[in-house]
Amino acid sequence: MIGEHFYHRSIKKVIATFGSLFSDVTIKTGKGDFIQVPIHYAQKQKFVEVLSNNEDVRNMYTDVGLPILGFEVVNYAYNPEKMTNPLNVQNKIIEKDNVTFMFTSVPYTIGIELYLATNTLDELYQIIEQIAPFFAPQLTVTINDKDLYDLKTNITFDLNSVSQDIQYESSFDEKRIILANFSFSAHTKFHSNPRSIQRIKDVIINMTEKDHDELFDKLVGHRDNADEEFTWSK
């Protein structure tokens, strides 16, 4: 069904584009300093475990590394509402006698979760207010999705919800972990394999001698004698 191997790196480009959207988030400390918030691709379970279960790493993150952002892809869903005729041809390239093309791209929605951990609620509020205004509720980014065809794809990111979670390790007097979760949907397209065909230069038709004569008379016409007018065969 698939044929030769192909790989357009569409998912990797969505991940890289999403991460770049939050690469310049900053906070202002109580001393007036500005700190850029790092972002990493990480599962939420690992993200929380590093902050809560390992005391040494927890201290390192609390004293140096927080706030911090992490995100991961959580699901893929086909989007039938945006699908057009799958047999439509797109991105046709004609080079001499060779024609390269692809069929219609398939729309998909990729679920992405963005996680945030901070030292204080003020840091949490600063970051939420830097992110939320740019998604109302959508933000569209155009990327070069396939170099071969110079194809540009619009990726639309929807901010579906923002939730807050404050975790206490043992009692309310102990140090807390302040977390927030941003739920996003990325609307993109997956492209099929490129196909190649050659132009039709020769056509061979199997005809009998009788078929040939009849067709020749019809196309060329005939005269019974020199005095009669020229007539086309019917």
Side-chain angles (χ1 to χ4, degrees), residues 9-77 108-143 154-188:
R9 298 179 297 155
S10 298
I11 299 175
K12 289 180 66 175
K13 291 179 181 179
V14 171
I15 293 173
T17 302
F18 182 82
S20 69
L21 295 177
F22 310 100
S23 61
D24 56 355
V25 175
T26 59
I27 62 164
K28 186 177 182 180
T29 66
K31 298 179 181 180
D33 299 325
F34 290 92
I35 298 175
Q36 186 168 357
V37 182
I39 183 169
H40 306 280
Y41 189 90
Q43 294 179 342
K44 185 177 183 180
Q45 183 178 357
K46 240 179 224 188
F47 189 77
V48 175
E49 185 178 349
V50 165
L51 296 174
S52 59
N53 294 342
N54 189 321
E55 190 64 28
D56 294 334
V57 178
R58 168 69 193 281
N59 289 334
M60 179 189 72
Y61 270 88
T62 302
D63 296 336
V64 179
L66 291 184
I68 189 171
L69 288 164
F71 71 99
E72 67 173 322
V73 172
V74 293
N75 59 63
Y76 305 87
Y108 260 78
T109 299
I110 302 177
I112 304 176
E113 297 293 321
L114 176 69
Y115 314 118
L116 167 65
T118 65
N119 282 317
T120 66
L121 283 172
D122 183 67
E123 293 176 354
L124 177 74
Y125 300 153
Q126 286 186 55
I127 296 172
I128 290 178
E129 291 189 18
Q130 287 183 63
I131 294 176
F134 293 96
F135 300 89
Q138 296 179 331
L139 176 66
T140 300
V141 180
T142 302
I143 66 170
N154 291 329
I155 302 177
T156 300
F157 296 98
D158 291 346
L159 177 56
N160 303 316
S161 64
V162 181
S163 60
Q164 176 180 307
D165 181 20
I166 302 177
Q167 298 184 3
Y168 295 89
E169 292 187 2
S170 57
S171 66
F172 289 105
D173 296 328
E174 296 290 334
K175 228 167 191 180
R176 63 190 179 182
I177 303 175
I178 301 174
L179 300 172
N181 187 85
F182 301 79
S183 180
F184 288 90
S185 296
H187 304 282
T188 186

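Sequence positions, counted from 1, serve as the residue numbers for this chain.
- Separating the OH atom in Y108 from the NE2 atom in H187 is a distance of 14.5 Å, to the nearest 0.5 Å.
- Remark: Y41 engages F71 in a ring-ring contact (aromatic ring centres under 6.0 Å, His included) (not counting sequence neighbours).
- Residue Y115 holds its OH atom at 12.0 Å from CG of L69, rounded to the nearest 0.5 Å.
- Closest approach of L66 and A117 over heavy atoms only: CD2-O, 3.7 Å.
- Note that the CD1 atom of I127 and the CD1 atom of I68 stand 10.5 Å from one another [nearest 0.5 Å].
- A side-chain N or O of S185 and one of N160 form a donor-acceptor pair less than 3.5 Å apart.
- The side chain to side chain donor-acceptor pair (under 3.5 Å) test applied to T118 returns no partner, not counting sequence neighbours.
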Kindly indicate, with the supporting measurements, whether the criterion side-chain contact (heavy atoms from CB on, under 4.5 Å) is fulfilled by L114 and I131. CA-CA 11 Å; L114 176 69; I131 294 176; 4.1 Å; yes
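- Considering all non-hydrogen atoms of both residues, P67 and L116 come closest at CB-CD1, 4.5 Å.
- The closest side-chain heavy-atom distance from I112 to I110 is below 4.5 Å.
- Once rounded to the nearest 0.5 Å, the distance linking CZ of F182 with CZ of F22 reads 8.0 Å.
- Contact between A42 and E72 at its shortest, heavy atoms only, is O-CB, 3.6 Å.
- With sequence neighbours excluded, the residues that form a ring-ring contact (aromatic ring centres under 6.0 Å, His included) with F135 are F184.
- In this structure, a donor-acceptor pair under 3.5 Å is absent between the side chains of T26 and Q36.
- Not a single side chain to side chain donor-acceptor pair (under 3.5 Å) links T29 to another residue, sequence neighbours left out.
- Checked against side chain to side chain contact (heavy atoms under 4.5 Å, CB included), N75 has no partners two or more places apart in sequence or in another chain.
- Scored by the side chain to side chain contact (heavy atoms under 4.5 Å, CB included) test, F134 finds no partners at all (sequence neighbours excluded).
- Scored by the side chain to side chain donor-acceptor pair (under 3.5 Å) test, S161 finds no partners at all (sequence neighbours excluded).
- Residues L124 and A180 approach most closely at CD1-CB, 3.4 Å, considering heavy atoms.
- Shown here are the side chain to side chain contact (heavy atoms under 4.5 Å, CB included) partners of Q138, two or more places apart in sequence or in another chain: T156, D158.
- The one candidate from T188, I155, N154, V14 that meets the side chain to side chain contact (heavy atoms under 4.5 Å, CB included) condition with I143 is I155.
- Within the structure, side-chain hydrogen bond (donor to acceptor under 3.5 Å, both in side chains) pairs that include any residue of residues 121-137 comprise D122-Q126 (at least two apart or interchain).
- Contacts of S23 classified as side chain to side chain contact (heavy atoms under 4.5 Å, CB included), with partners at least two apart in sequence or in another chain: none.
- Two residues are said to be in side-chain contact when any heavy atoms from C-beta on lie closer than 4.5 Å; N181 and D165 fail this criterion.
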